[in-house]
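In what follows, a structure is listed as structure tokens, so that the remarks can point back to it.
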Amino acid sequence: MNITSSRAKLVDLLQPGVLASFIVFAYFFRFLYQFLRARTRLASIGFLPGARFLCGPSSLLGQLIPPISNICRTRDWHFRLKHQLHKTYASDVVSCAQLFNPKSLVLYVADASIAKEVLTNRIDFAKPLKMYKTVSILGPNIVGSEFGEWKRYRRIATPSFGERFNKLAHEETTRITASLFQFWSANGEGDVVKVENVVDVFVELGLMVVSGAGFGFRFGWGDRDEPPQGHTMTFHKSLSLVLEDRFYRYHLGDKVRHLWKNGRQSTVAFEELRLHMKDMIEEHRQSMASGGEETADLLSNLINGISPERDEEQENQLLQDELLGNMFIILLAAHETTGHSLGFTLALLAIHQDIQEEAFNELRKIVPQGETPTYAHIMSWAYGLATIYESLRMYPPLSRVPKCGVNDKVFTTSSTDGKNTPISIPVPAGVDIMVNIAGLHYNPKYWDEPEVFRPKRFLGTYNRDAFVPFSGGPRVCLGRRYAEIEMLTLLANVVLKYRVTSTPTGQKETPEQMSQRLLQWHQGLVTVMPVKVPLTFTARNPDATRC
């Protein structure tokens with residue numbers, strides 16, 4: 001009798017209506033629990049105003065539903081808002097919280113003095129290494145490390161990024177740019193060259209420069225399809241596939257990704273990239289052993305810092321996987337970000353013809369007719385560097401820099417409502433912090449008319465703490481000067497030889513529509529990148545330049 005009764009009760013409990021009620025109550029109590037936890041976290045920062053969402057872009061719900069205000073945010077929401085986020089809540093430090101993930105309380109900082117403190121003070125503000133796992137897929141490296149490990153990597157790599165390497169970058173960029181112009185000419189482009197997407201060209205150029213200057217590996221514009229002997233894939237194709245798939249490989253692993261064709265191809269690309277890098281290492285070792293000239297200082301320093309035994313703990317030595325990991329991160333940072341930044345720069349100059357002509361005229365005063373810009377020439381071209389800086393201000397490769405509070409702190413800022421009311425914000429240990437580079441670069445407190453492309457602002461005085469496209473503090477990008485030299489060299493050669501304009505679409509466009517089309521962007525896994533930049537390069541009058 002009791003057994004029958006128990007079964008009857010169990011059957012009653014399994015009725016669809018009863019089960020639905022249980023599920024609703026379970027979600028209600030979970031919702032309430034998450035709400036109370038989120039409220040507790042907000043209380044720890046004094047209920048600082050800011051953006052509130054139910055879920056983030058990486059959550060399951062965020063993957064299933066489109067972005068809806070106050071429900072789900074996109075990965076690029078902060079860059080779309082720029083400083084408007086801070087203007088809305090009248091503070092250069094605002095909070096961002098997700099109800100379904102109480103741990104995701106983040107302080108967004110667009111105050112220059114606070115940003116400087118966060119980027120400089122490594123004791124109180126550490127790098128959240130969990131966010132950098134996908135850049136360490138080929139081995140530990142300088143970007144995905146912290147504290148003693150990071151110091152060791154930086155100590156080994158820093159000597160490479162000196163004046164000699166910068167000059168080598170200039171020479172390689174000059175050589176490769178000249179070969180690009182010859183490639184265009186050989187393919188019948190003549191005096192008018194239409195490029196479907198200059199970003200693809202500049203990303204490839206950046207890879208060629210860093211491969212030659214940094215690792216002694218050179219390839220030409222026509223060397224795109226045939227893999228070298230012993231390989232099934234070219235170096236640049238394998239690197240491209242690895243960059244595209246690194247996020248999925250880290251989270252899904254090889255076994256899952258082998259279920260589809262692209263996943264299997266990506267696995268091959270990872271192995272091919274390792275082989276290509278090992279070939280570079282071996283060829284460079286043989287060159288050094290035979291007394292050949294060491295032109296790739298970066299690779300030389302990394303190789304000389306290799307430890308032959310895994311259990312050795314020598315201060316100035318790298319393990320084999322550390323060498324590969326640091327080679328990979330340098331290849332990634334040195335070509336992808338510069339290629340994207342150059343794409344934005346040329347797009348802005350195509351839109352602003354008056355600024356393009358001013359850049360040309362300033363450069364013509366420095367470079368005599370008939371000469372190719374030398375290292376000394378581009379170092380003197382202040383207007384060119386100002387143009388690149390202004391492009392980086394408006395379209396920084398990294399739109400934010402994550403940090404994590406290690407100790408309890410207090411931030412002091414002022415309101416953005418014109419009253420400059422002091423605001424004190426408690427920052428408990430464990431709270432995530434984002435230096436909002438986009439918010440900082442568009443903050444009217446530091447930049448007059450921040451939405452306007454105006455390179456001359458960098459020819460005068462400006463708040464250097466409010467300009468951080470390469471991050472800042474001890475972890476500022478090691479290759480900052482290298483990137484500037486490469487971009488300056490390419491820009492100088494292009495501006496002297498060609499007038500750059502937007503390629504017509506065949507339809508009538510207003511200047512605003514053209515600008516919007518050329519400057520379309522999207523948020524990649526790491527960087528902000530142009531969608532597509534179709535440009536036309538028209539040779540200048542030979543009387544103006546014989547470059």
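Please read all numbers here as calculations on a predicted model, not as lab measurements. Every heavy atom of this structure was used, including side-chain atoms; hydrogens, water molecules and symmetry mates were not.
With Gln84 contributing its side chain and Leu81 its backbone, the two residues share no donor-acceptor pair below 3.5 Å. Between the Trp447 side chain and the Leu440 main chain, a donor and an acceptor come within less than 3.5 Å of each other. Using modelled atom types, no side-chain atom of Thr527 and backbone atom of Met529 make a donor-acceptor pair closer than 3.5 Å. Checked by atom type and distance alone, the side chain of Ser179 pairs as donor or acceptor with a backbone atom of Ile176 at under 3.5 Å. At least one donor-acceptor pair under 3.5 Å links the side chain of His340 to the backbone N or O of Glu336. A side-chain donor-acceptor contact under 3.5 Å links His441 to the backbone of Val468. Side-chain atoms of Ser95 come within 3.5 Å of backbone atoms of Leu48 as a donor-acceptor pair (strictly under, hydrogens ignored).
Thr374 has its side chain out of reach of Ile378: every pair of non-hydrogen atoms, C-beta onward, lies at least 4.5 Å apart.
Side chain to side chain, Asp92 and Thr413 fail the donor-acceptor criterion of an N or O pair below 3.5 Å. Residues Tyr375 and Glu171 have side chains that never bring a donor and an acceptor to within less than 3.5 angstrom of each other. No side-chain N or O of Arg274 forms a donor-acceptor pair with one of Ser238 less than 3.5 Å apart. A side-chain N or O of Ser391 and one of Thr345 form a donor-acceptor pair less than 3.5 Å apart.
Taking the charged nitrogens against the carboxylate oxygens, Lys403 and Glu117 have no contact shorter than 4.0 Å, which rules out a salt bridge. The pair Arg152-Glu149 does not meet the salt-bridge criterion, since no charged nitrogen lies less than 4.0 angstrom from a carboxylate oxygen. With respect to Lys237 and Glu272, no salt bridge is recorded, no charged nitrogen being found less than 4.0 Å from a carboxylate O. The pair Arg122-Glu146 meets the salt-bridge criterion, with a side-chain N (NZ, NE, NH1 or NH2) lying under 4.0 Å from an Asp/Glu carboxylate O.
Counting non-hydrogen atoms of neighbouring residues, nucleotides and ligands closer than 6.0 angstrom, the NZ atom of Lys127 exceeds 12 such neighbours. Within a 6.0 Å sphere centred on CZ of Arg480, other residues, nucleotides and ligands contribute more than 12 heavy atoms.
Among residue pairs with one or both ends in residues 377-398, those qualifying as salt bridge (Lys or Arg N to Asp or Glu O under 4.0 Å) are Glu390-Arg393, Glu390-Arg457; sequence neighbours excluded.
Annotation: Phe458 is in aromatic contact with Phe467 [ring centroid separation under 6.0 Å]. Aromatic pair Trp521/Phe79: centroids less than 6.0 angstrom apart. Ring to ring, Trp77 and Tyr108 are close: their centroids are under 6.0 angstrom apart.
In terms of heavy-atom proximity, Met487 sits nearest to Ser341 at SD-CB, 3.8 Å. What you find for Asp321 and Pro140 is that their closest heavy atoms are OD2-CD, 3.9 Å. Val435 approaches Ala115 most closely through the heavy-atom pair CG1-CB, 3.9 Å. Nearest heavy-atom pair across Ser145 and Arg475 is O-NH1, 2.7 Å. Across all non-hydrogen atoms, the minimal contact from Phe235 to Leu207 is CE2-CD1, 3.9 Å.
The ring pair (Phe, Tyr, Trp, His ring centres under 6.0 Å) search around Tyr153 returns none, not counting sequence neighbours. Scored by the side-chain contact (heavy atoms from CB on, under 4.5 Å) test, Asp465 finds Ala112, Lys116, Asn463 as partners (sequence neighbours excluded).
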Determine, stepwise, if the pair His276 / His231 fulfils side chain to side chain contact (heavy atoms under 4.5 Å, CB included).
-> CA-CA 8 Å; His276 279 295; His231 291 270; 3.5 Å; yes
CA sep, side-chain torsions, deciding dist, call: Met327, Leu302, side chain to side chain contact (heavy atoms under 4.5 Å, CB included) = CA-CA 8 Å; Met327 286 179 66; Leu302 294 178; 4.3 Å; yes
So Tyr389 and Glu484, side chain to side chain donor-acceptor pair (under 3.5 Å) or not? Walk me through it.
-> CA-CA 9 Å; Tyr389 277 3; Glu484 292 174 356; 2.8 Å; yes
Apply side chain to side chain contact (heavy atoms under 4.5 Å, CB included) to the pair Phe215 and Leu331, showing each step before the final yes or no.
-> CA-CA 10 Å; Phe215 302 106; Leu331 286 167; 3.7 Å; yes
Could you please spell out the steps behind the side chain to side chain donor-acceptor pair (under 3.5 Å) verdict for Asn326 and Asn141?
-> CA-CA 5 Å; Asn326 280 285; Asn141 56 70; over 6 Å; no
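For the pairing with His86, the side-chain hydrogen bond (donor to acceptor under 3.5 Å, both in side chains) check across Asn443, Asn436, Thr416 returns one residue only, Asn436.
In this pair, Phe165 and Phe161 present their aromatic rings perpendicular. The plane angle is above 60°, beyond the 30 to 60° band.
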